[in-house]
Peer 1: 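Here it is, the structure, as structure tokens.
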Amino acid sequence: MVAEQLLPNGVTDERVLEAMSTIPREEFLSGRLRRYAYENRALAIDCGQTISQPLVVALMTQALRPQPGDIALEIGTGSGYQAAVLSRLCSKVVTLEREPALAEHASETLMRLGFDNVEVAVADGSQGWPASAPYDIILVACAAPDLPAALVEELAPGGRLVIPLGHGEDDYQDLRIYQRHEGELSSRSLFAVRFVPLRTG
Ligand code: SAH
């Protein structure tokens with residue numbers, strides 16, 4: 001996966017490559033899909049949701065420039081794989097999931113594999129998670145029409161946030177990265193992605 005999909009496609013961050021070459025992705029999939037764990041495709045998880053393709057996980061993570069002391073927030077735990085990758089690169093990860101069954105399963109997987117700096121909570125991520133704010137990194141793993149205001153409020157000075165932005169009727173979304181410099185927020189487009197929608201409530 002690292003040699004054939006990540007290295008030839010612009011993943012250069014050594015820490016991201018190291019994390020993704022050692023985390024067993026099959027552990028985040030159900031039995032019959034495990035054989036596809038290292039193929040470059042999104043795969044089904046429970047509740048009609050998907051685990052993103054490895055290249056998208058790698059590029060999103062790299063764009064956030066995670067540092068060892070960073071506190072990260074993820075919206076959309078899904079299988080827990082992306083949270084596992086962040087947990088190797090940051091000091092603490094809070095990940096929010098609105099489907100209780102997914103949150104419970106991901107939490108079990110992460111604990112079993114020893115990712116003990118990850119906190120999984122059942123919540124609507126569009127409201128943020130004030131308890132551990134501010135965050136150096138915010139990764140939104142579901143598509144939203146707009147950047148939720150609560151997440152902007154919880155971004156630390158110098159913090160980075162990635163989010164797929166697009167409307168429900170579009171097939172693809174624009175993956176954007178935002179950075180907070182003192183009071184200002186700058187943003188740029190990274191690439192087109194296809195994520196499941198963020199659902200509020
Ligand atoms: N990062 C995951 C994949 C995310 S799929 C992984 O590595 O496997 C997107 C997830 O976002 C789904 O599990 C979906 O239930 C969740 N989701 C959608 N809207 C949400 C919201 N408002 N708050 C939290 N999670 C949400």
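Treat the numbers as computed from the prediction; the structure is a model and nothing was measured. Residue indices begin at 1 and follow the sequence shown. Counting starts at 1 for both ligands and their atoms, following the listed order. Excluded from the calculations below are hydrogen atoms, water molecules and symmetry mates; all remaining heavy atoms, backbone and side chain alike, are included.
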Peer 1: What protein heavy atom is closest to atom 23 (N) of ligand 1, reported as residue, atom name and distance in Å?
Peer 2: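 Nearest neighbour among protein heavy atoms for atom 23 (N) of ligand 1, to 0.1 Å: Gly125 N, 2.8 Å.
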
Peer 1: Taking only non-hydrogen atoms of Pro197, do any sit less than 4.0 angstrom from ligand 1?
Peer 2: yes

Peer 1: Answer yes or no: does atom CD of Glu104 have more than 12 heavy-atom neighbours from other residues, nucleotides or ligands under 6.0 Å?
Peer 2: no

Peer 1: Under 3.5 Å, is there a donor-acceptor pair between the Thr200 and Arg98 side chains?
Peer 2: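 No, because no side-chain N or O of Thr200 sits under 3.5 Å from a partner of the opposite role on Arg98.
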
Peer 1: Does a salt bridge link Arg112 with Glu27, judged by any charged N lying under 4.0 Å from a carboxylate O?
Peer 2: yes

Peer 1: Between the side chains of Arg180 and Glu153, is the shortest nitrogen-to-carboxylate-oxygen separation below 4.0 Å, so that they form an ion pair?
Peer 2: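 A salt bridge is absent here (no side-chain N lies under 4.0 Å from a carboxylate O).
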
Peer 1: Would you check if Leu161 and Leu185 make a side-chain contact, meaning some heavy-atom pair closer than 4.5 Å?
Peer 2: no

Peer 1: Considering non-hydrogen atoms of the protein only, which is the closest contact for atom 3 (C) of ligand 1, and what is the distance?
Peer 2: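 Looking at atom 3 (C) of ligand 1, the protein heavy atom closest to it is Thr50 O, 3.3 Å.
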
Peer 1: To the nearest 0.1 Å, how far is atom 4 (C) of ligand 1 from its closest protein heavy atom, and which atom is that?
Peer 2: Gly76 O, 3.4 Å

Peer 1: If the cut-off is 4.0 Å to any non-hydrogen atom of Glu99, which atoms of ligand 1 fall inside it?
Peer 2: 15 (O)

Peer 1: Taking Arg15 first and then Asp13, would you say they form a salt bridge - that is, a charged N and a carboxylate O separated by under 4.0 Å?
Peer 2: no

Peer 1: Which ligand 1 atoms does Ala123 reach within 4.0 Å, using its non-hydrogen atoms?
Peer 2: 23 (N), 24 (C)

Peer 1: I need the nearest protein heavy-atom contact for atom 15 (O) of ligand 1: residue, atom name and distance, please.
Peer 2: Glu97 OE2, 2.6 Å

Peer 1: Where does Leu102 meet ligand 1, judged by heavy-atom distances below 4.0 Å: at the side chain, the backbone, both, or neither?
Peer 2: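 Only the side chain of Leu102 comes within reach of ligand 1.
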
Peer 1: Going by distance alone, is a donor N or O of one side chain under 3.5 Å from an acceptor N or O of the other, for Glu99 and Thr77?
Peer 2: no

Peer 1: Could you verify whether a donor N or O on one side chain and an acceptor N or O on the other, from Glu26 and Tyr38, lie under 3.5 Å apart?
Peer 2: yes

Peer 1: Where is the nearest protein heavy atom to atom 12 (C) of ligand 1: which residue, which atom, and how far?
Peer 2: Gln49 OE1, 3.2 Å

Peer 1: Would you kindly specify which portion of Ala83 sits under 4.0 Å from ligand 1, judged on non-hydrogen atoms: side chain, backbone, both or neither?
Peer 2: neither

Peer 1: Using a strict cut-off of 4.0 Å, indicate which atoms of ligand 1 neighbour a heavy atom of Thr77.
Peer 2: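 Atoms satisfying the 4.0 Å criterion: 1 (N), 2 (C), 6 (C), 8 (O).
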
Peer 1: Going by the order shown, which atoms of ligand 1 are within less than 4.0 Å of some heavy atom of Val196?
Peer 2: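 Under 4.0 Å from Val196, ligand 1 has these atoms: 5 (S), 9 (C).
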
Peer 1: Give the atom numbers and elements of ligand 1 that come within less than 4.0 Å of a heavy atom of Ser79.
Peer 2: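 So the atoms of ligand 1 that pass are 6 (C), 7 (O), 8 (O).
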
Peer 1: Can you name the atoms of ligand 1, numbered from 1 with element, that are less than 4.0 Å from a heavy atom of Ala141?
Peer 2: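 Listed by number with element: 1 (N), 4 (C), 5 (S), 9 (C).
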
Peer 1: Counting each atom of ligand 1 from 1 as listed, which ones have a heavy atom of Ile51 under 4.0 Å away?
Peer 2: 8 (O)

Peer 1: Could you check whether Asp70 pairs with Arg160 (Lys NZ or Arg NE/NH1/NH2 to Asp/Glu carboxylate O, under 4.0 Å)?
Peer 2: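 The answer is yes: the pair qualifies as a salt bridge.
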
Peer 1: We want to know whether Ser189 and Asp174 form a side-chain donor-acceptor pair, criterion being a heavy-atom distance below 3.5 angstrom.
Peer 2: yes

Peer 1: Nearest protein heavy atom to atom 17 (N) of ligand 1, by residue and atom, and its distance?
Peer 2: Cys142 SG, 3.9 Å

Peer 1: Relative to each other, are the rings of Phe28 and Tyr81 parallel, tilted or perpendicular (30° and 60° limits)?
Peer 2: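 Taking Tyr81 first and then Phe28, their aromatic rings stand perpendicular (interplane angle over 60°).
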
Peer 1: Among Glu74, Gln82, Arg199, which one puts a heavy atom closest to atom 21 (C) of ligand 1?
Peer 2: Arg199

Peer 1: List the closest protein heavy-atom neighbour of atom 25 (N) of ligand 1: residue, atom name, distance to the nearest 0.1 Å.
Peer 2: Arg98 N, 3.3 Å

